[in-house]
Structure formats: C-alpha cells, structure tokens
Amino acid sequence: MTAADKASAAGSSREQVLGRIRAAIGDAPAGEVPRLDPALRTYRDTHVPDDPAVVLDLLAENLADYRAGVHRCTPEDLAATIARLLAERGARAAVTPPGLPRPWLGAIAGTEVIDDDGTLTAQRLDAVDSVITGCALAVAETGTVVLDAGPDQGRRVLSLVPDHHICVVHAPEQVVSSLPRALPRLDPRRPMTWISGPSATSDIELDRVEGVHGPRTLDVILVSSPPRSG
Amino acid sequence: MSSTYLGLPSFPVAAAESTRDEQLRANLRHATHTIRAKRATAISELTDWPELRAAGAAIKDHTLAHLDHYLLQLEAAVTAAGGTVHWAVDADDANRIVAGLVKATGETEVVKVKSMATQEIGLNEALAAEGIHAYETDLAELIVQLGDDRPSHILVPAIHKNRHQIRDIFSRQMAAWGRPAPDNLTDTPADLAEAARLHLREKFLRAKVAISGANFMIAETGTLVVLESEGNGRMCLTLPETLISVVGIEKLIPTWQDLEVFLQTLPRSSTAERMNPYTTTWTGTTDGDGPTDFHLVLLDNGRTDTLADSLGRQALRCIRCSACLNVCPVYERAGGHAYGSPYPGPIGAILTPQLRGTTTELDASLPYASTLCGACYDVCPVAIDIPDILVHLRERITEQRRGHALERAVMKAATWVLDHPSAYALARQTATRTRHLHPTELPAPTPAKAWSNARDLPRFPGRSFRTWWKDRPAGEAPHGRPAREDTTR
Ligand code: SF4
C-alpha cells in the first residue's frame, strides 16, 4: 500500500463511520442544535452544608478512610510538618517541583532536596524516596486531591514514581465540597491526576491492598488558620 | 472479531462446564457478594442517586443522538491539542492502524492499560503476529496473561482465581516474562502485589510506547479520562513517548462538566468506592509532561449497527462498571468465560449479540443467558433496561432462526437457565421490579423526547419466563413475548 492509498483508506474509514452513524440516528430530530436540556440535571450540587469547617472535616475523614495520612497544621507550622514527615519516613532524597514555595522546605534536615529542572528521568526518580507537591484543589465528598501540573505540582511523573507523596492543601481556598463544584474550577487542557488515597488494588479476591505502582504512602497536609476565637 | 473468541462453545455448553468447577463458583460467589454489599453502602451516601442515574442516561442518549456532531467536535479538539485522530470501521482496521503506529516507532514492545476495547478487537494477538509484544500491566490482566487465560469479569478480570492459584502462576511464569517472582513468595495479597510491582516496574521504566483505552472522551475539549486503582494506568499514560488510545465511539460525552455525573456514579457502582485511587485526564500532548506523540483510534466495530436499533442502542450508554455482573444469578453460576467475549454477564448478553450480530450459535444463545429477573436494571448507573433489550433480541433471533441451526443453541441456553433452580431462585429473590406495572406506551412524546422514546415499550413477559416455559404449548419457541395479560408472579 502506498502512503496515498493509506491516506485514502483512512479517509474512507472516517466517512464510513460517520455515514453509518447518520444512517443509524436518522430518527433523531433533524437540525436540532446539540445541547442537553438543563432541566435534566436534577441532581444535587453538593451533599454537604456550606460550612468550611464541616467541609474540611469531611475531607480529612474521607482521605483517612482511604488510608491517606492526614496532618492538619497552621501556615506557620507547615515547614515543620513537612520536615517531620520526611524524617519519620527516613527519606534520603525528596524531589520538588520548580514552583514549590521555598519557605515550605525551610525546616528540612537530613533529606537531600532535588529541584526538578524538567530533565530528571523516571529511572532517576525511581531512586528518590519522596516528592512534595501542592495541589489544584481537593474534593471533600470523595476525599480527592487534584493535581493539574501547576508550578507547585510539576510534571505528572514527579508524583508518580517516588514511593512517598506529601501533598499540601490550603483550606479553605483549595477545598470544595463536591465534584459538581470542582469541575468548573479546573482547566481540562492541563494534564491532570486525581488522587484518592494511595495506589491500591482489589484484584486478588477483592481484598484491598495499598500500593501497587503509584506511591504507596500518601501524606496530605491540610493547612488552615485556627478559627479566630472571640 | 478477535480470533481469541472464535470457535468458543455456545453459552449453555460453556456454562455447563464452568458450573461444574467448584473452585470457580466459590471464588465468584465470594467476590460478587462482597462487592454487592459494599456497593449498596457507597450508593446510600448519595441521596440523589436516582437523579444522577437519570442524568447519566440522558447525557449518554443525547450524545448518541448527535454522535456525528460530537465526534467531529472531539476530532477537531484533539487535533488542535497536538494529537492525531484515526477512525477504524472494524477490528482489522483498528489493529492495522495500531500495528502501523507501533512499527513506525521502531519498538517491538508496548505496555498496556486494561482496555476492553482492545480485548474486543484482539489487539494483543494482532500485534504478536506483527512481532510486537504487548505487556498487560493491570494486576488482574497480568495474572490472566501470565496464566495464559482469559478475563472473566469487567472490573476484576481474574476474579475466577484465588490467591493460591495466583501465587502459583507468578512463581511459575514471571521469570519467562521478565523479572522473576521472589523465591519465598507467599499468597498474601500484599506480597503478590509487591511481586507485581517489581516485575512491572522495569517494564514501565523502559517502555517507549503505551496502549490504553479510555473511560470517557470529552467532545468539547478533546480530553480523555482514565479511571484506575493501581497506578499502572498513570505509568502507561505518563512515562512513554508515544501513547495510542483505542476507544469505542460511544465513550463520548459532550462537556467537561458532564463528568460530574459519571465521576459520582462510576466508582461507586464499580469498585464501591467514593472515588477510585487515580484518575488521569489529558488533552492531546503537553510540552515537557507526558507523551510527545498521542494517537486516538476511534473504534466502530459494530457500534453503529447497535446504534441503528432504536431500542438496543441503550446498550451504548454502558460505562462498564460491572455492577450488573455482580448481581446476576446466571453470571454467578456460569462465570465470565461462558459469555465468549470480553463483555460477560448481563451487559455481555445484550452488547455482544449487537456488536457481532447473531449468526453464530454462541452469539444467538447469549440473550437467553438470563432469567429476566431485572436486578441488572436496578443497579445500572445509566439505567439500561437490560431485560427489555434481552426480550427484544430474543424476538429478533426468533425471527431469524426459524428452521435454522441456531434454534438448537437457543433452546439449550434457555434450558440451561431453567435447569438451574438455584440460579433461578436467587433471581426471584433479587428481583425488585414489578414488571406488570410497566406501561406499554409512554405518554405522548414531545419532539425532544421522540428520539429516545421512539417506539412503544416492548411488552414484558407477563408471566415469568419459567412459568411460561413450563406451560407453553408443545413446539412453541422460547419467544420473549408471551401473552401480556397473564399476571406476574
Ligand atoms: S450495563 Fe450498566 S450496570 Fe452493566 S456494566 Fe454497563 S453501566 Fe454497569
């Protein structure tokens, strides 16, 4: 087959499939502008009361339910919390995305911090113990953190190959209650990873086992200012 | 259709064999009952489940009604984002396209994320014929591949194997495929998962080409979405230079926001989780992050034939959650292999005969692999009326098969189901529908509704299939439409 033949064969597959579709849906109303009737969306926008404290508690609860480590701290304690988690893990090296705020790393001792310059290979990352990232947002009802490759999250490979992931969530601004509220805040043109607990499988007798290929330990730090008491 | 599934025995023959396999049945029962209970809990958290279910069905129906429009929108968006879109009429077409793309990279190994579409087209075998080795990376798929077996469940393809059997497969086979299993491998799930992690990691780190499917494609933005648990999906979707995704044309939804429905219903129906551990979304290619070359192969392979049937097309709503398998008394006894396709259980019984046609004994017997108890419809997160389609397909087959060799297969399938009183009794217990309450006509359709409600609702068998069978006049075929005046019991 010449290249030209191949191209025309591909063209004909496309035309064939589209032709079959049009023949098949011939009974669809003609000329209708495709738009789903919004009245069909009768489901709820959220299942949680609009109270940031309640939403944050639910996020913590659901993250923990799927075996993420959940750590709550104030902005002032963030650097110390990160340092403590690395030390407890005994991490020799941790990788950070280029846009991770440097003050977060201020208390680290005994762990080499490797700043990703975009050239670290997966093989190299395989020898790195931990990764520290921010997130785009977190969803309380499902216990999910969403990474969208923003500057404080970096390339997807960073949060994939090391076996320990520390993810920092700022409340209340990065926390939404539900999926319907999460999606409009995310830009689908960016590559995304939605993470709900550490890697797991139920493939053996439906027994959930933490950790197959992704990070086997997920620590989520929920950062919030203490409520101003009167 | 894949050569893998050619020449398989018809449903009743295969089912009779697997029903005798005590181990298989015990494994299946344990697994399906566990997941059933968990699913009910996960769903009870959402008070608006019926609304989410209706919205999921409506979004899918709407997309299917304008499938040409949305596919063209998708194609434009993927192309604008740096991807290349290919169209495949059938399995051969798709296999040829994928093999050509892999060959163009000069690679002879690819890593794969679990994908039912690629099983459906027999891609691994087609690649092997071209000297390309495809490594499955999903734990269950790895078990199946190492065991030289076939998947038997949508979500848990190795559901028919228990931990001892898996340990044996790993110990025996891993060495031949790459890094061997450790000498002292135990049969605890954690140890088995660790062995798989080590075995596959070396493959991920050197893979240049990956092949995936997708759970959803977003027409508006050209975004693909893959839900998974283990992280093998992330590895395949992120590390290699070239990514080829083979996706059925029915996986389309119009907008990014529409995910709000399916990301609530799919994980809960499937793994009974609020959310699966990992979901990856990507749009074309991104500089400096992930594959530099992205190809999307849009697969028809019988989907447009299914679309042409105004009742049967509901099957294209399916989001492959596998909830219908887990509640099906026939699946529980017969096992996944009896269905002779990657789509087992109730969804397989309605999808396979529509995708492949009903010219073989196996495919013609599939719509009879059901007691019509309705449990599958009750759990389906996109409200596919599976019993309704089964009856409809039986009618089609009855017309086609008169005086034909298919009759034998059909009779045997019906008899197999009826010959298994415990399967049947279970069906009665799980049946929650009051089928006699169903109207046979919908209220006068408005123009907007006309498409999805284009025909009268089919008449449900008024009597249970079993009663009818027992009482039928000699020689009457197992036709799905007995007199509707009879009462349901
Ligand atoms: S038919 Fe419904 S219940 Fe069965 S797999 Fe498909 S979506 Fe799930």
Side-chain angles (χ1 to χ4, degrees), chain A residues 10 13-14 16-18 20-25 27-29 32 34 36-37 40-44 47 62 66 118 122-123 126 141-144 149 155-157 160 179-180 183-184 186 188-207 209 211-214, chain B residues 31 34-35 48 51-52 55 58-59 62 65-69 87-89 93 139-140 156 158 162-163 166 189-190 192-193 197 205 221 223 229-232 234-235 238-239 256-257 259-260 263-264 271 274-275 277-283 286 288-290 300 304 307-308 310 447 451 454:
Chain A
S13 288
R14 181 177 184 273
Q16 239 177 297
V17 174
L18 287 168
R20 287 182 187 183
I21 291 170
R22 286 172 186 142
I25 60 178
D27 53 347
E32 188 186 315
L36 183 64
D37 183 357
L40 290 164
R41 298 181 193 273
T42 52
Y43 49 89
R44 303 179 62 161
H47 302 82
N62 284 340
Y66 285 156
Q123 283 83 353
D126 199 26
E141 284 186 11
T142 55
T144 305
R155 303 182 290 149
R156 284 174 289 171
V157 66
L160 173 61
L179 287 164
L183 287 157
L186 295 165
R189 286 167 304 184
R190 310 178 67 96
M192 261 180 251
T193 309
W194 298 49
I195 301 171
S196 310
S199 158
T201 182
S202 300
D203 278 351
I204 302 164
E205 299 179 11
L206 288 174
D207 238 4
V209 178
V212 191
H213 304 297
Chain B
T34 309
I35 195 94
D48 55 344
E51 288 81 12
L52 284 165
I59 292 169
H62 168 82
H66 305 283
L67 193 57
D68 54 337
H69 167 86
W87 300 67
V89 175
D93 210 9
L139 179 51
V156 201
N162 66 24
R163 58 184 73 190
I166 295 168
L192 296 170
R197 176 185 173 97
L205 295 183
T221 58
T223 308
S229 296
E230 297 172 13
N232 61 310
R234 293 177 69 189
M235 292 278 177
T238 312
L239 297 186
W256 172 248
Q257 190 71 28
L259 279 177
E260 69 191 7
L263 289 184
Q264 292 193 75
T271 47
R274 286 181 204 104
M275 188 62 95
Y278 297 135
T279 297
T280 297
T281 77
W282 74 98
T283 304
T286 305
D289 190 341
D300 179 346
T304 48
L307 187 65
S310 58
W451 185 78

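Numbered from 1 within each chain, the chains take letters A, B, ... in sequence-line order. In this text, all values refer to a predicted model and were calculated from it rather than measured experimentally.
Of the possible polar contacts, none joining the B:Tyr278 side chain to the B:Arg234 backbone as a donor-acceptor pair under 3.5 Å is found. When atom types are taken as modelled, the side chain of B:Trp256 and the backbone of A:Leu183 share a donor-acceptor pair closer than 3.5 angstrom. Side-chain atoms of B:Gln257 come within 3.5 Å of backbone N or O of A:Pro180 as a donor-acceptor pair. Remark: the backbone N or O of A:Gly214 is paired with a side-chain donor or acceptor of B:Arg197 at under 3.5 angstrom.
In this structure, the portions of B:Ala58 lying under 4.5 Å from any heavy atom of chain A include both its backbone and its side chain. The parts of B:Leu67 that come within reach of chain A are both its backbone and its side chain, each placing non-hydrogen atoms under 4.5 angstrom from that chain. In this structure, chain B has a heavy atom under 4.5 Å from the side chain of A:Thr144, while its backbone stays farther away. Only the side chain of B:Thr286 comes within less than 4.5 Å of a heavy atom in chain A; its backbone stays farther off. Heavy atoms closer than 4.5 Å to chain A are found in the side chain of B:Thr221, but not in its backbone. With a 4.5 angstrom heavy-atom cutoff, B:Leu239 touches chain A only via side-chain atoms.
Chain B forms the most heavy-atom pairs under 4.5 Å with one residue out of A:Leu40, A:Ile195, A:Leu36, A:Asp126, and that residue is A:Leu36. No other option in A:Leu160, A:Asp37, A:Val157, A:Thr42 has as many heavy-atom pairs under 4.5 Å with chain B as A:Leu160. Contact tally against chain A (heavy-atom pairs below 4.5 Å) for B:Gly231, B:Gly288, B:Pro277: the top residue is B:Pro277. Heavy-atom pairs under 4.5 Å with chain B peak, among A:Arg155, A:Arg41, A:Arg156, at A:Arg156. Among the candidates B:Ala308, B:Ala55, B:Pro189, B:Ala193, the residue making the largest number of heavy-atom pairs closer than 4.5 Å to chain A is B:Pro189. Put simply, of A:Ala122, A:Ala149, A:Gly118, the one with the most heavy-atom pairs under 4.5 Å next to chain B is A:Ala122. With chain A as partner, the option from B:Asp68, B:Thr283, B:Leu52, B:Asp300 having the largest number of non-hydrogen pairs under 4.5 angstrom is B:Asp68. For the options A:Gly143, A:Gly197, A:Pro198, A:Pro188, heavy-atom pairs under 4.5 Å to chain B are most numerous at A:Pro188.
Within 6.0 Å of CZ on A:Arg189 lie no more than 12 heavy atoms contributed by other residues, nucleotides or ligands.
If you check the side chains of B:Glu230 and A:Thr201, you find a donor sitting under 3.5 Å from an acceptor.
By the 4.5 Å heavy-atom criterion applied to side chains, B:Gln264 and A:His47 are counted as neighbours.
Closest non-hydrogen pair, B:Leu192 versus B:Arg163, comes out as CD1-O, 3.9 Å. Residues A:Tyr66 and B:Met275 come closest through the heavy atom pair CE1-O, 3.8 Å.
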